[in-house]
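Worksheet: one structure, shown below.
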Amino acid sequence: MSPEAHSAPRSLAEALRARDDASLAALLRSRPDLITPVPTDLTQLATRAGTRASVLRALERLDRFALQTAEALAVAPDPASYDTLLGLMAGDAGDETVARALPRAVATLREQALVWGDDERLRLVRTARELLAPSPQHPSPTGLGPTVQEATSGMSPGRIQEIVTTAGLPSTHDSVTAVAALTGLFTHRRKMAKLLAGAPEAAREVLSRLVWGPPYGQVTADPAAHLRWLLDRGLLLPTAPGTVVLPREVALHLREGRAHRAPEPLPPAVAPAATHSPQVVDATAAGQAYTALATVEELLKDWDEGGPAVLRAGGLSVRDLKRTAVALDVSEPVAAFWAELAYAAGLIASDGEADERYAATPAYDEWLELPPAERWARLARAWLAATRTPGLVGGRDAKDRTLSALGPGLDRSAAPEVRHRVLSLLAALPQGAAPDAESVLARLRWERPLRGAQRDGARDDDLRSRLARWTLSEAELLGVTGRGALSSQGRALLGAPAAPGAPATPGADSAEPTGPGDKLPVHHHRAPERLVPLSPAEQGVAAAAAARLLAPLLPEPLDHVLLQADLTAVAPGPLRRPLAGMLGVLADVESKGGATVYRFTPASVRRALDAGRTAADLHAFLAEHSRTPVPQPLAYLIDDVARRHGHLRVGAASAYVRCDDDALLNEILADKRAAALRLRRLAPTVLAAPADPATLLEGLRAMGYAPAAESAEGDVLITRAHAHRTPPRTAPEPVPDGPPPPDATLLTAAIRAIRAGDLAATTPRKPVGEPLAGGELPRTSAAETLATMQAAVLTGDSVWIGYVNAEGAASQRVIAPIRVEGGFVTAYDHTADEVRTFPLHRITGVAELADD
């Protein structure tokens with residue numbers, strides 16, 4: 001036996017013990033659930049790595065070929081040699097592509113602690129074997145059935161001997177050797193070929209139908225001759241009355257040794273569907289980014305005085321979503337996306353009042369003060385990290401309830417990872433190349449086959465595929481992509497290396513800081529085609545870089561409009577905020593697009609006068625901000641509305657109307673349209689009404705008058721839009737997809753603690769005091785503990801102790817005592833890798849380490 005065989009690990013714990021720190025770090029990084037909480041030693045780590053939940057999670061993160069390799073090991077002998085595994089994957093003929101890719105797959109399984117052992121004795125973790133091995137309840141993706149030994153476990157010895165004899169083998173003295181002889185026949189290629197050469201044509205047809213699975217079939221109590229031929233020779237074995245199965249060894253012979261019909265060693269390539277000029281892509285994406293900012297601002301402006309009511313179960317009602325879609329001039333799914341994006345960015349939230357409504361948050365006012373490119377970067381960063389999934393709006397949850405926008409049930413923990421991966425695939429294409437959507441979906445299915453598994457025959461309906469489709473459409477809406485291709489600002493946001501000839505972006509090894517104090521994230525461990533998600537600090541730097549790339553592409557805000565004789569004003573581009581705000585009060589938006597058209601009406605002019613502006617103010621404002629002379633019809637409109645504005649005064653009586661011109665009050669009383677207001681004269685210049693002032697104001701305005709509201713003191717009330725804000729709110733936290741990956745500091749500390757705990761658990765010890773049962777802490781008297789500690793200080797030796805901390809948690813440690821005094825022992829603690837002080841009364845016992 002070779003030295004390697006002597007040193008082969010006998011358990012997963014031993015295999016982990018033989019790893020170096022870098023290998024352990026790779027395991028804990030890829031399976032972060034193993035480090036929550038930090039295991040006490042390597043045995044506990046191995047136990048945790050073999051639990052069903054952890055193994056299933058690890059299997060879900062394997063790519064298709066690594067998973068196929070694990071499935072092949074699940075149907076191979078345990079343990080299996082590398083050559084056996086290669087035969088199952090590449091077949092008897094040997095597929096060179098599979099052979100070249102197999103070492104990487106085995107290395108992945110080893111790194112994930114799903115496979116352990118050397119190349120002569122590869123072992124799949126028991127839980128993984130149970131999950132992947134074929135059974136009647138859970139067929140294997142390989143399509144293979146049970147082995148001859150498993151299929152004949154309940155068969156009578158006499159029947160087994162009959163099968164052996166009919167197959168042309170000598171009879172044996174017991175069933176074990178008979179089954180072994182039958183297995184040997186089925187795994188011998190030449191002998192099996194000879195046996196099958198004599199099979200009836202109909203029998204070979206039956207085998208061809210079962211060979212790639214499912215391996216089970218139905219037979220009658222009196223099977224046909226060709227079926228009887230197969231049953232008599234064990235090529236089909238009964239598993240239940242009326243049911244037969246094709247043994248695994250027979251199927252592998254018919255498959256020429258292959259466990260899978262179509263091994264997929266290489267990921268499918270993402271194919272470009274179209275290629276555009278990078279400048280066109282960036283310009284298109286910038287246009288979409290500007291539209292995104294305008295749409296979010298319009299949404300929040302619409303909700304500025306208090307938005308839709310919050311449903312009792314949470315979220316927007318269908319009616320409110322339709323109303324929002326009409327206001328934004330978009331479809332309802334797109335309106336749901338913009339509402340969810342603003343919510344994810346922390347710009348809207350519920351106000352928490354008794355009559356709960358959605359409203360802008362104080363963060364919205366801060367966001368408005370940022371430059372446009374920075375506002376976009378904040379939206380894009382929130383979208384990239386959000387687990388809320390607007391595409392689910394309108395669907396049904398597990399309880400058949402409708403999923404509403406801004407409501408519960410929209411979080412999908414896989415969403416950020418899918419978004420990042422889709423954009424990473426786009427970043428791997430040449431700059432300006434737009435991918436074929438189906439090739440992106442095929443690549444994602446290869447990378448996560450279990451999470452994207454076919455369900456109920458509808459493969460394209462799996463969650464990851466839907467998330468990918470939504471990512472492609474949402475990225476276009478947001479301006480991360482343009483014409484389907486990743487833009488320069490989208491590449492920077494992702495932290496991807498800059499394309500050749502493009503400006504440097506974060507993530508490129510050669511990139512230089514682009515601003516004072518900026519440090520660009522560099523990932524030397526990245527594969528060229530796969531980007532590692534950025535840390536929060538790196539995301540901030542990447543978002544700033546994306547904003548810098550986008551800023552020159554956005555149009556500059558204008559400080560002027562073009563007034564026209566038809567009582568309209570044309571804004572040929574985005575307006576500066578003060579101008580846009582005032583114009584929005586003085587006029588109504590008639591159309592939007594590349595240029596915005598505003599229309600002046602008596603109602604809009606009255607709205608500006610109600611806000612405290614005078615006619616002179618309005619004339620001066622228009623003259624200052626118009627590149628064309630103020631048209632005479634517009635000046636007449638302003639003067640006419642201003643002349644009549646405030647001539648009537650409405651106050652609370654319930655409500656009253658007063659006017660110095662009693663003839664005007666006579667005119668109102670004589671108007672039939674005033675009948676609903678039930679006005680009556682209190683004095684020559686005063687009319688009273690049972691309606692409230694607001695209703696009276698609206699009624700008189702509908703009749704064509706321009707009344708003004710007044711206070712109890714008789715002063716004119718100036719009405720301005722009331723900006724309703726929620727209390728300070730934080731943006732919704734993404735729902736984590738399991739424990740977060742540990743950072744370098746945590747990994748270093750965890751590995752040190754695990755190594756030290758393993759040292760304490762496995763180092764040979766000299767027994768002191770009472771004999772120890774397995775796993776118990778040492779127990780020695782106080783005098784023995786003190787004497788052993790003092791001796792260790794003199795000799796400089798390390799000792800093994802049991803220790804109970806102040807919270808009552810017990811642990812075992814290896815320490816090197818330095819000083820013993822005042823009821824405390826000062827020692828170097830291997831677990832914490834530092835000098836610590838231990839109270840002697842908390843040490844349960846001590847044992848010296850063995851000399852070797």
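As the structure is a computational prediction, the values presented were derived from the model and not from experiment. Sequential numbering from 1 along the given sequence is applied to the chain's residues.
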query = Do the side chains of Leu42 and Ile754 get nearer than 4.5 Å, heavy atoms only?
reply = yes

query = Glu249 versus Thr147: any side-chain heavy-atom pair under 4.5 Å?
reply = yes

request  = Could you check if a side-chain atom of Arg752 sits within less than 4.5 angstrom of a side-chain atom of Asp21, using non-hydrogen atoms only?
outcome  = no

query = How about Arg52: does its CZ atom have over 12 heavy atoms from other parts shown lying under 6.0 Å from it?
reply = no

query = For the side chain of Thr36 and the backbone of Asp33, is there at least one donor-acceptor N/O pair under 3.5 Å apart?
reply = no

ask   = Hey, which of Arg445, Arg448, His260 is the one that makes side chain to side chain contact (heavy atoms under 4.5 Å, CB included) with Arg64?
value = Arg445

key: Sub-4.5 Å side-chain heavy-atom contact between Glu417 and Leu467   = no

ask   = Should the pair Arg443-Glu447 be classified as a salt bridge under the 4.0 Å nitrogen-to-oxygen rule?
value = yes

inquiry  = Tell me whether Ser23 contacts the main-chain N or O of Arg19 through its side chain, where contact means a donor paired with an acceptor under 3.5 Å.
reply    = no

inquiry  = Tell me the closest heavy-atom pair linking Pro265 and Ala101, and the distance in Å.
reply    = CB-CB, 3.6 Å

Approximate separation, where rounding is to 0.5 Å, of Asp92 CG and His253 NE2 = 8.5 Å

inquiry  = How long is the straight-line distance from CG of Leu34 back to CD of Gln44, given to the nearest 0.5 Å?
reply    = 11.0 Å

query = Rounded to the nearest 0.5 Å, what separation is found between the CZ atom of Phe186 and the CZ atom of Arg248?
reply = 14.0 Å

query = Can you name the nearest heavy-atom pair linking Ala468 to Val422, along with the distance?
reply = CB-CG2, 3.9 Å

ask   = Do any N or O atoms from the side chain of Glu14 and from the backbone of Arg10 form a donor-acceptor pair under 3.5 angstrom?
value = yes

key: Over 12 foreign heavy atoms within 6.0 Å of CD, Glu264   = yes

ask   = Hey, mind stepping through Leu73 and Gln68 against side-chain contact (heavy atoms from CB on, under 4.5 Å) and telling me if it holds?
value = CA-CA 9 Å; Leu73 278 172; Gln68 286 181 328; over 6 Å; no

query = So, do Val125 and Arg129 sit near enough that their side-chain heavy atoms are less than 4.5 Å apart?
reply = no

key: Over all atoms of both residues, closest heavy-atom pair of Leu132 and Ala74   = CB-CB, 3.7 Å

task = With side-chain contact (heavy atoms from CB on, under 4.5 Å) as the test, would you mind laying out the steps for Leu252 and Leu144 before giving the verdict?
result = CA-CA 8 Å; Leu252 286 173; Leu144 293 169; 4.0 Å; yes

ask   = Are the side chain of Trp446 and the backbone N or O of Leu441 linked by a donor-acceptor pair below 3.5 Å?
value = no

task = Nearest 0.5 Å please: distance from the CG atom of Asp41 over to the OG atom of Ser811.
result = 11.5 Å

inquiry  = Is it the case that over 12 heavy atoms from other parts of the model lie below 6.0 angstrom from the CZ atom of Arg842?
reply    = yes

request  = For residues Phe838 and Tyr803, establish whether the separation of their ring centroids is below 6.0 Å.
outcome  = yes

ask   = Stepwise, does the side chain to side chain donor-acceptor pair (under 3.5 Å) test hold for Thr387 with Ser413?
value = CA-CA 5 Å; Thr387 55; Ser413 57; over 6 Å; no

task = Using modelled atom types only, decide if a donor and an acceptor are shared between the side chain of Thr826 and the backbone of Phe824 within a distance under 3.5 Å.
result = no

query = Is there a side-chain contact between Ser424 and His420, using heavy atoms and a 4.5 Å cut-off?
reply = yes

request  = Run the numbers on Asp743 and Arg29 for salt bridge (charged side-chain N to carboxylate O under 4.0 Å, His left out), then give the verdict.
outcome  = CA-CA 8 Å; Asp743 56 24; Arg29 192 180 295 110; over 6 Å; no

query = Is Arg123 reaching over with its side chain to a backbone N or O of Gly117, donor-acceptor style, under 3.5 angstrom?
reply = no

request  = Could you tell me whether the side chain of Arg419 and the main chain of Ala385 form a donor-acceptor pair under 3.5 Å?
outcome  = no

message = If I take atom CG from residue Leu122 and atom CG from residue Asp78, how far apart are they, to the nearest 0.5 angstrom?
response = 10.0 Å

task = Apply the test side-chain contact (heavy atoms from CB on, under 4.5 Å) to residues Arg31 and Leu114: give CA-CA distance (whole Å), side-chain angles for both, the deciding distance (0.1 Å), then the verdict.
result = CA-CA 11 Å; Arg31 296 178 65 179; Leu114 295 171; 4.1 Å; yes

ask   = Among Leu124, Leu59, Thr142, which one satisfies side chain to side chain contact (heavy atoms under 4.5 Å, CB included) with Glu71?
value = Thr142

query = Within a strict 4.5 Å, meaning less than it, do heavy atoms of the Leu384 and Pro416 side chains meet?
reply = no

ask   = Got Arg258 and Leu88 here, is their nearest side-chain heavy-atom distance under 4.5 Å?
value = no

ask   = Once you round to the nearest 0.5 Å, how far does CZ of Arg110 lie from CH2 of Trp116?
value = 11.5 Å

message = Looking at every non-hydrogen atom in both residues, tell me the closest pair between Ala792 and Pro817 and how far apart they are.
response = CB-CG, 3.7 Å

inquiry  = If you apply the rule side-chain contact (heavy atoms from CB on, under 4.5 Å), what do you find for Tyr828 with Val814, and how did you get there?
reply    = CA-CA 9 Å; Tyr828 174 77; Val814 173; over 6 Å; no

inquiry  = Using only atom types and a distance under 3.5 Å, with no angle test, would you say the side chain of Thr183 pairs donor to acceptor with the backbone of Val179?
reply    = yes

ask   = So which heavy atom on Pro268 is nearest to which on Ala442, and how close?
value = CG-O, 3.7 Å

inquiry  = Please check: side-chain N/O of Ser30 versus main-chain N/O of Leu27, any donor-acceptor pairing under 3.5 Å?
reply    = yes

query = Is the backbone of Ser81 close enough, under 3.5 Å, to the side chain of Arg121 for a donor and an acceptor to pair up by distance?
reply = no

task = Have a look at Pro263 and tell me which of Val98, Asp95, Thr69, Thr97 forms a side chain to side chain contact (heavy atoms under 4.5 Å, CB included) with it.
result = Val98

inquiry  = Testing the basics here: between Leu426 and Pro435, what is the closest heavy-atom pair and its distance to 0.1 Å?
reply    = CD1-CG, 3.5 Å

